[in-house]
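Everything on this sheet refers to the single structure shown next.
Please read these numbers as outputs of a predicted model, since none were measured by experiment.
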Amino acid sequence: LDEIGRVYRYAMKRAGVTLPYETGCEDPGILICPTRLPDATLYVLTSESAGNAPVAFRDNLSGAGFRVSIPPGRGALLLVGRDGRIVASYNVK
């Protein structure tokens with residue numbers, strides 16, 4: 001799987017694809033799904049982890065960092081503007 005990951009990273013770099021966010025979270029039970037909009041990015045975060053999972057990530061469009069705590073089996077929404085401000089949120093603690 002490491003080799004496949006390297007091939008995809010290389011192809012994305014060559015194609016000029018940029019990542020919408022960066023995170024150090026390696027919990028396979030956490031899903032961060034960004035949707036880029038004209039003036040903001042909508043993040044849908046879900047947790048299928050066994051415990052309360054704090055998730056830290058950085059929005060690459062604005063450069064702002066966020067830390068969200070998601071209970072197991074729950075989700076959260078975060079709408080982040082180009083300036084890094086939280087425009088709207090749901091279930092964010």
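- Cluster membership for Y10 and V17, using ILVMFWY side-chain heavy atoms within less than 4.5 angstrom, is not shared.
- Screening residues 27-69 for ring pair (Phe, Tyr, Trp, His ring centres under 6.0 Å), with sequence neighbours left out, gives Y43-F57, F57-F66.
- Residues L42 and V80 have side chains not in contact (no heavy-atom distance under 4.5 Å, counting atoms from C-beta outward).
- The closest donor-acceptor contact from the side chain of T23 to the backbone of A56 lies under 3.5 Å.
- At a threshold of 4.5 Å between side-chain heavy atoms, the hydrophobic network of Ile, Leu, Val, Met, Phe, Trp and Tyr places L78 and V44 in two separate groups.
- Side-chain atoms of I70 and T46, non-hydrogen and from C-beta on, never get closer than 4.5 Å to each other.
- Under a 3.5 Å cut-off, the side chain of R82 and the backbone N or O of P38 do form a donor-acceptor pair.
- At least one side-chain heavy atom of P54 sits less than 4.5 Å from a side-chain heavy atom of R67.
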side-chain hydrogen bond (donor to acceptor under 3.5 Å, both in side chains) assessment of D83 paired with S62: CA-CA 5 Å; D83 59 0; S62 67; over 6 Å; no
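- In this structure, the side chains of I32 and V55 come closer than 4.5 Å at one or more pairs of heavy atoms.
- Put simply, CZ on R36 and CG on N60 are 7.5 Å apart, with the number rounded to the nearest 0.5 Å.
- Residues A50 and P72 come closest through the heavy atom pair O-CG, 3.7 Å.
- Interatomic distance, CG of L61 versus OG1 of T41, reported as 5.0 Å (0.5 Å rounding).
- Between I4 and D2, the closest side-chain pair of non-hydrogen atoms is not below 4.5 Å.
- Note: the hydrophobic cluster containing L79 does not contain L31 (ILVMFWY, side chain heavy atoms under 4.5 Å, direct or indirect links).
- Nearest heavy-atom pair, P71 versus S47, reported as atom, atom and distance to 0.1 Å: O-CB, 3.6 Å.
- A pairwise comparison of heavy atoms in G81 and A40 identifies CA-CB, 4.0 Å as the closest pair.
- Note that the OG atom of S89 and the CG atom of L77 stand 8.5 Å from one another [nearest 0.5 Å].
- Taken to the nearest 0.5 Å, the CG atom of L45 stands 9.0 Å off from the SG atom of C33.
- S49 has its side chain within reach of I30: a pair of non-hydrogen atoms, C-beta onward, lies under 4.5 Å apart.
- Checking side-chain atoms of D59 against main-chain N and O of Y21 turns up no donor-acceptor pair under 3.5 Å.
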